[in-house]
Number of protein chains: 2
Amino acid sequence: MPPDLQLNRFLPYRLNILSKKVSLALATRYQERFGLSIPEWRVFATLGQEQPLSSNDIVERTAMDKAKVSRAVNRLVAAGLLDRQPHPRDQRLLRLSFSHKGRDLYAQVAPEALAWEGQLLSVLTDAERAQLWALMEKLEQRVAQEIPESVPLSDSLD
Amino acid sequence: MPPDLQLNRFLPYRLNILSKKVSLALATRYQERFGLSIPEWRVFATLGQEQPLSSNDIVERTAMDKAKVSRAVNRLVAAGLLDRQPHPRDQRLLRLSFSHKGRDLYAQVAPEALAWEGQLLSVLTDAERAQLWALMEKLEQRVAQEIPESVPLSDSLD
DNA sequence: GTTTTATCGTTTCAAATGAAACGTTATAAG
DNA sequence: CTTATAACGTTTCATTTGAAACGATAAAAC
């Protein structure tokens, strides 16, 4: 008698596919319109939250690999979107922040991202949205217990 | 005035991190215990649902790249877990199914995967689980509308 | 029947990835 | 002070990746 593992009712599987579809749909937009790759967008959006940040701050906030963050930051700096200063008190740290151009771009990108998310969430009622956050929160806390600390959240794990 | 994009309340971002954590936690287990990589597990579990399947069937069911499926299938065949036969009526198609060894392994892996999922979901009530499925279903249908057809769901989109 | 056209799975190749090594700077221990 | 240890970000290098080209088969058009 085969074990009853219904893949389309298996949370890791469904979560992966949903996450992929959402990322793909969004990525297509900011890729085409703003020329940002996914890692670049992640770094950029993170700096939109708080500035300045070190590379390591971004690693912690995004669960990205530090090599990937390093490369994304380099591209964003090269594109003139970020300023990269050495930290005055700790020479090991970078002090990353938006350039003027970066700030302008963020002012364009962020509202679009929010609007897009709004369209996506428009299929849910307010109550359902609240539920969704609560459920995801619970699951994330639960699963965090199972992950051995210091294991990086690699991008290929999907 | 900066746009109010709160990243930790931004669905694509949170979904990505949750999905990564879940995949990582689960992958660590079947990697260590059964020697299966993530793509291999995906293919393997898909065949647990229905047999025989062609490679293309698996591509459709898992949203994986066909090159990745091809490589995962090769490794599983080499490991003696799958049988690969040519389809009698269409020589282009493969007829993939479990070998005896594969069936035995599945009988071990599937219950563990289910038990693990059960632990994860144990933080939710039955009603909450039902909600979760319903919400994910709605979101997936909504986002599917935005994805141009025939765009593959690459694994690097996270 | 012959010639397109499409489909399936593999292979190729350039790009992306991430673990580990590295150089540099800071902190802790002696 | 000096030495050992740790933290930060970059770079290296082997692996993984997926888009495109490919060979082989089947279906469609003529």
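Because the structure is a prediction, the values reported are computed rather than measured. Just so we're on the same page: letters track the sequence lines, and every chain starts at 1. Just the heavy atoms: all of them, side chains too, but no hydrogens, waters or symmetry mates, feed the values below.
Put simply, CG on B:L53 is 13 Å from P on C:dC8, counting in whole angstrom units. Nucleotide C:dC8 holds its C1' atom 17 Å from the CE atom of B:M64, rounded to whole Å. Rounding to whole angstrom units, CZ of residue B:R89 and C1' of C:dT7 are separated by 18 Å. When rounded to the nearest whole Å, the span between NE2 of B:H87 and P of D:dA26 equals 11 Å. The CD1-P distance, from A:I38 to D:dT17, rounds to 15 Å in whole Å. To the nearest angstrom, P of C:dA19 lies 12 Å from CD of B:Q31. Rounding to whole angstrom units, CD of residue A:Q91 and C1' of C:dG23 are separated by 14 Å. Taking atom CG of A:D65 as the reference point, atom C1' of D:dT12 lies 14 Å away to the nearest angstrom.
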Within the sub-3.5 Å range, which N or O atoms of nucleotides 9-11 of chain D have a protein N or O partner, and how far apart are they?
| from | atom 1 | to | atom 2 | distance (Å) |
| --- | --- | --- | --- | --- |
| D:dG9 | OP1 | A:S55 | N | 3.1 |
| D:dG9 | OP1 | A:L94 | N | 3.1 |
| D:dG9 | OP2 | A:N56 | N | 2.5 |
| D:dG9 | N7 | A:K66 | NZ | 3.3 |
| D:dG9 | O6 | A:K66 | NZ | 3.2 |
| D:dT10 | OP1 | A:R84 | NH1 | 3.3 |
| D:dT10 | OP2 | A:S70 | OG | 2.5 |
| D:dT10 | O5' | A:S70 | OG | 3.4 |

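Side-chain contact of A:N16 with A:S19: a donor-acceptor pair under 3.5 Å is absent, judged by distance alone. With no hydrogens or angles considered, a side-chain donor-acceptor pair links A:N74 and A:R84 at under 3.5 Å.
Open room surrounds CZ on A:R95; 12 or fewer heavy atoms of other groups in view lie less than 6.0 Å from it.
Applying the ring-ring contact (aromatic ring centres under 6.0 Å, His included) test to every pair with at least one member in residues 9-43 of chain B, sequence neighbours left out, gives these pairs: B:Y30-B:W41.
With values rounded to the nearest 0.5 angstrom, B:L82 atom CG is found 11.5 Å from B:R75 atom CZ.
A:E117 meets the salt bridge (charged side-chain N to carboxylate O under 4.0 Å, His left out) test with no other residue; sequence neighbours excluded.
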